[in-house]
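Here is the structure we will look at.
Hydrogens, waters and symmetry mates are skipped; everything else that's a heavy atom, side chains included, is used. The chain is numbered in sequence order, starting from 1.
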Amino acid sequence: MSHNCISTGAGRTGLSLFLLLVILLPLSGCPSARSQTDDRIRHVIFISLDTTRPDHIGCYGHDWVRTPRLDQLARESILLLNHRTVVSATLPSHLSLLTGNYPHTHGVVSNGYLVNPENLMLAEILGEAGFHTAGFLGSFALESRFHFDQGFDYFDENFDVQVGTFGADQNQRTAKTVTDAVIDHLQSRNGEERLFLFIHYFDPHAPHTPPPPYDTMYGPDGVTDIPGAETGAGGRPPLDENIIRARRLYAGEISFMDEQVGRLIDHLRESGILDQALLVVTSDHGENIGEHGGMISHGWSTYETEMDAVGIIRLPGAARAGTEIPVLTASIDILPTVLDCLEMPVPPGIDGRPIELDNTTVHASPRVRFGEAVRAPGNADMPPARWPNFAKMVCVWEGDFKYQKSLYRKDQALYDLSRDPHETRNLLRTGDKRWKRKADELRERLGVWNREADPLPSRFDPDQLADTTRRLKALGYLE
């Protein structure tokens, strides 16, 4: 259903003062952008591509999947080359995107949990500043029952696709339906207000059922040169037929979504919204498709196949078009970057930091970011922890280095992603003491990060347990 909902935020410590500053301060544009355009940022648009890997997008240098509309958009934009999500599941990842906080701050452990109203979301900040805030969902995982809708004036969750073997319905909708909903809503408005649009496309998520002609676009008679199909990417064994078929269909879903994103961009351009907007296109997480154990899934690990994310930022008037940012960035950095571009205050105590959109060189002191999985075997022997996900697979990035460990698997690894992007060479197995020292350093950073966890309370609502579990199973989230 579509509905109107505005969060009051009553009782939040320091929130009233912060929102007063939001109201009083003028809104402008990124300092780095103003040098190239006189256009003020009038609108903010978020496009989320669920379960979308950058190595299936042409603008990231991977041309076997056809994504002409995203590639064109990237040419008008700033491209984040080294962008990560901080958690590999839809709800906690999107909450990190819209709060600027790690899960162990915002409190949502996994899908199906309730968003604590103490979280301050971007829709609330911009709503208080006078924006009309509208959200358009592609998936039940972000539905209002989980309180993800706080701060939105308009929240469209009209799902119409029946999926799964459990009889679940209204779990998702196609990219075409999402784009239709956004265009219909924009045409119903007077065009004079400032807009914050959150648009969620879900198609690349399993089950992979692209519509014609995308269902056969990468079939045996189409593109056959799938990376890793014969030789195995990164030195892995060749892929089996089921994995190859899944990759073809996954690619088809992305190409279909690309077409619909392009249709939305066309409407935004023609209506004059695009060139007055700060546009962010990102993905909440990726997908393992035959790598790291042969599963087709996400949420179990912090390998790059799940954590590497799309990051495209278009400024008004396509300012700084073609800029590439090589430094490590993460989903928690998007909210402070948006507020920085608007010259609005960043909420106190958030985990992310603004991205320097004019920095095209790697910092001498590499940035550090953390990531976590949300799943582990139910009977795993895991010690108690202040933050539940710490017992699952976790990682820390420092520039090109990545350390990850899994308590339930009782293993650890160190990778140099600049030389080993497929994570096939664990440097800790080389016997080189340099790598052991580096791993020890990063493991201590990870330990400090975990000890600083202060999650807001969150729970899986027992009143909604049966229906939520049934529907999440239909989406492939629960065993």
Side-chain angles (χ1 to χ4, degrees), residues 1-5 45-52 66-70 73 90-91 94 111 123 132-146 148-149 152-164 166-189 195-217 249-271 273-274 279-284 287 310 471-472 474-477:
M1 62 180 175
S2 302
H3 66 275
N4 294 328
C5 54
I45 302 170
F46 269 32
I47 298 178
S48 171
L49 314 177
D50 206 294
T51 325
T52 300
R66 303 168 204 170
T67 55
R69 302 311 306 273
L70 285 170
L73 181 64
T90 297
L91 178 57
H94 280 91
N111 292 314
H132 170 70
T133 58
F136 305 85
L137 301 190
S139 163
F140 156 81
L142 301 179
E143 201 175 42
S144 58
R145 72 167 57 200
F146 307 120
F148 183 78
D149 60 338
F152 284 99
D153 301 317
Y154 180 86
F155 202 69
D156 188 323
E157 50 189 6
N158 289 305
F159 309 125
D160 59 3
V161 176
Q162 297 183 359
V163 298
F166 298 93
D169 60 4
Q170 296 185 346
N171 282 321
Q172 60 175 290
R173 57 179 166 177
T174 68
K176 180 181 184 304
T177 309
V178 171
T179 295
D180 287 344
V182 180
I183 293 174
D184 289 346
H185 183 68
L186 292 177
Q187 291 176 336
S188 72
R189 309 301 298 180
L195 300 170
F196 169 56
L197 305 178
F198 171 77
I199 303 149
H200 175 231
Y201 291 101
F202 192 67
D203 301 76
H205 193 288
H208 301 134
T209 55
Y214 299 96
D215 55 341
T216 58
M217 177 175 284
L249 293 175
Y250 177 72
E253 294 275 32
I254 289 177
S255 289
F256 168 61
M257 178 178 66
D258 176 80
E259 176 192 54
Q260 295 304 315
V261 170
R263 189 163 69 91
L264 174 63
I265 295 300
D266 287 344
H267 179 81
L268 295 173
R269 196 185 303 273
E270 292 164 5
S271 62
I273 293 174
L274 181 64
L279 171 66
V280 177
V281 180
T282 190
S283 50
D284 62 340
E287 185 87 317
V310 174
R471 296 172 75 179
L472 288 175
L475 291 176
Y477 277 120

Study note, to complete from the structure: Here the pair of heavy atoms bringing Pro212 nearest to Asp215 is CA-OD1, 3.2 Å

Practice item. Please step through side chain to side chain contact (heavy atoms under 4.5 Å, CB included) for the pair Leu274 and Leu279, ending with a clear verdict. Key: CA-CA 8 Å; Leu274 181 64; Leu279 171 66; 4.0 Å; yes

Revision key, fill the gap. Heavy-atom closest pair (Ser139 atom, Phe202 atom, distance to 0.1 Å) is CB-CD1, 3.3 Å

Check your understanding: Is Asp153 close to Phe196 at the side-chain level, that is, under 4.5 Å between some pair of heavy atoms?
Key -> no

Practice item. Start with the C-alpha distance between Leu197 and Ile47, add both sets of side-chain angles, then the distance that settles side chain to side chain contact (heavy atoms under 4.5 Å, CB included), and finish with yes or no. Key: CA-CA 8 Å; Leu197 305 178; Ile47 298 178; over 6 Å; no

Review point. Asp156 side chain to Asn158 main-chain N or O, any donor-acceptor pair under 3.5 Å?
Key: yes

Check your understanding: Backbone N or O of Ala175 within a donor-acceptor pair of the Thr179 side chain at under 3.5 Å?
Key -> yes

Point to revise | Heavy-atom side-chain contact between Asp203 and Phe256 under 4.5 Å | key: yes

Review point. Passes side-chain hydrogen bond (donor to acceptor under 3.5 Å, both in side chains), Asp284 versus Thr90? Steps please.
Key: CA-CA 6 Å; Asp284 62 340; Thr90 297; 3.3 Å; yes

**Study point:** Derivation and outcome, ring pair (Phe, Tyr, Trp, His ring centres under 6.0 Å), residues Phe148 and Phe198
**Key:** CA-CA 12 Å; Phe148 183 78; Phe198 171 77; 5.7 Å; yes

Exercise for review: Check whether any side-chain N or O of Asn111 sits under 3.5 Å from a backbone N or O of Ala141 as a donor-acceptor pair, and report yes or no.
Suggested key: no

Review point. Do you know the tightest heavy-atom contact between Phe155 and Leu142?
Key: CZ-O, 3.7 Å

Exercise for review: Salt-bridge test for Arg263 and Asp180: reply yes if a basic N is under 4.0 Å from a carboxylate O, no otherwise.
Suggested key: yes

Exercise for review: Look up atom CZ in Arg173 and atom CD in Glu157, then write down how far apart they are to the nearest 0.5 Å.
Suggested key: 9.0 Å

Review point. Quick check: does any side chain N or O of Thr51 sit under 3.5 Å from a backbone N or O of Glu287, one acting as donor and the other as acceptor?
Key: no

Review point. What about the rings of Phe136 and His185, do their centers lie closer together than 6.0 Å?
Key: yes

Point to revise | Pairwise side-chain contact, Leu49 with Ile254, heavy-atom cut-off 4.5 Å (strictly under) | key: no

Check your understanding: Under 3.5 Å, side chain of Asp258 to main-chain N/O of Arg69, donor-acceptor pair present?
Key -> yes

Revision key, fill the gap. Heavy-atom nearest pair, Gly252 first then Pro210, reads C-CB, 3.8 Å

Review point. What are the two closest non-hydrogen atoms of Ser255 and Arg66, and how far apart are they?
Key: OG-O, 2.8 Å

Check your understanding: Can you find a heavy atom in the side chain of Ile45 that is under 4.5 Å from one in the side chain of Leu195?
Key -> no

Practice item. Report yes if some heavy atom in the side chain of Tyr154 is under 4.5 Å from a heavy atom in the side chain of Thr133; otherwise report no. Key: no

Check your understanding: Are side-chain N/O atoms of His94 and Ser48 paired as donor and acceptor at under 3.5 Å?
Key -> yes

Point to revise | Beyond-backbone contact of Asp50 with His200, side-chain heavy atoms, under 4.5 angstrom | key: yes

Review point. Do Leu268 and Leu264 come within less than 4.5 Å of each other through their side chains, counting heavy atoms only?
Key: yes

Point to revise | Exercise: identify the closest heavy-atom pair between Tyr250 and His208 | key: CD1-NE2, 3.7 Å

Check your understanding: Between Lys176 and Glu259, does a side chain to side chain contact (heavy atoms under 4.5 Å, CB included) hold up when you go through it step by step?
Key -> CA-CA 9 Å; Lys176 180 181 184 304; Glu259 176 192 54; over 6 Å; no

**Study point:** Pair Thr209-Glu253, side chain to side chain contact (heavy atoms under 4.5 Å, CB included): steps then yes or no
**Key:** CA-CA 7 Å; Thr209 55; Glu253 294 275 32; 4.1 Å; yes

Review point. Would you say the side-chain atoms of Thr282 pair up with the backbone N or O of Val310, donor to acceptor, closer than 3.5 Å?
Key: yes

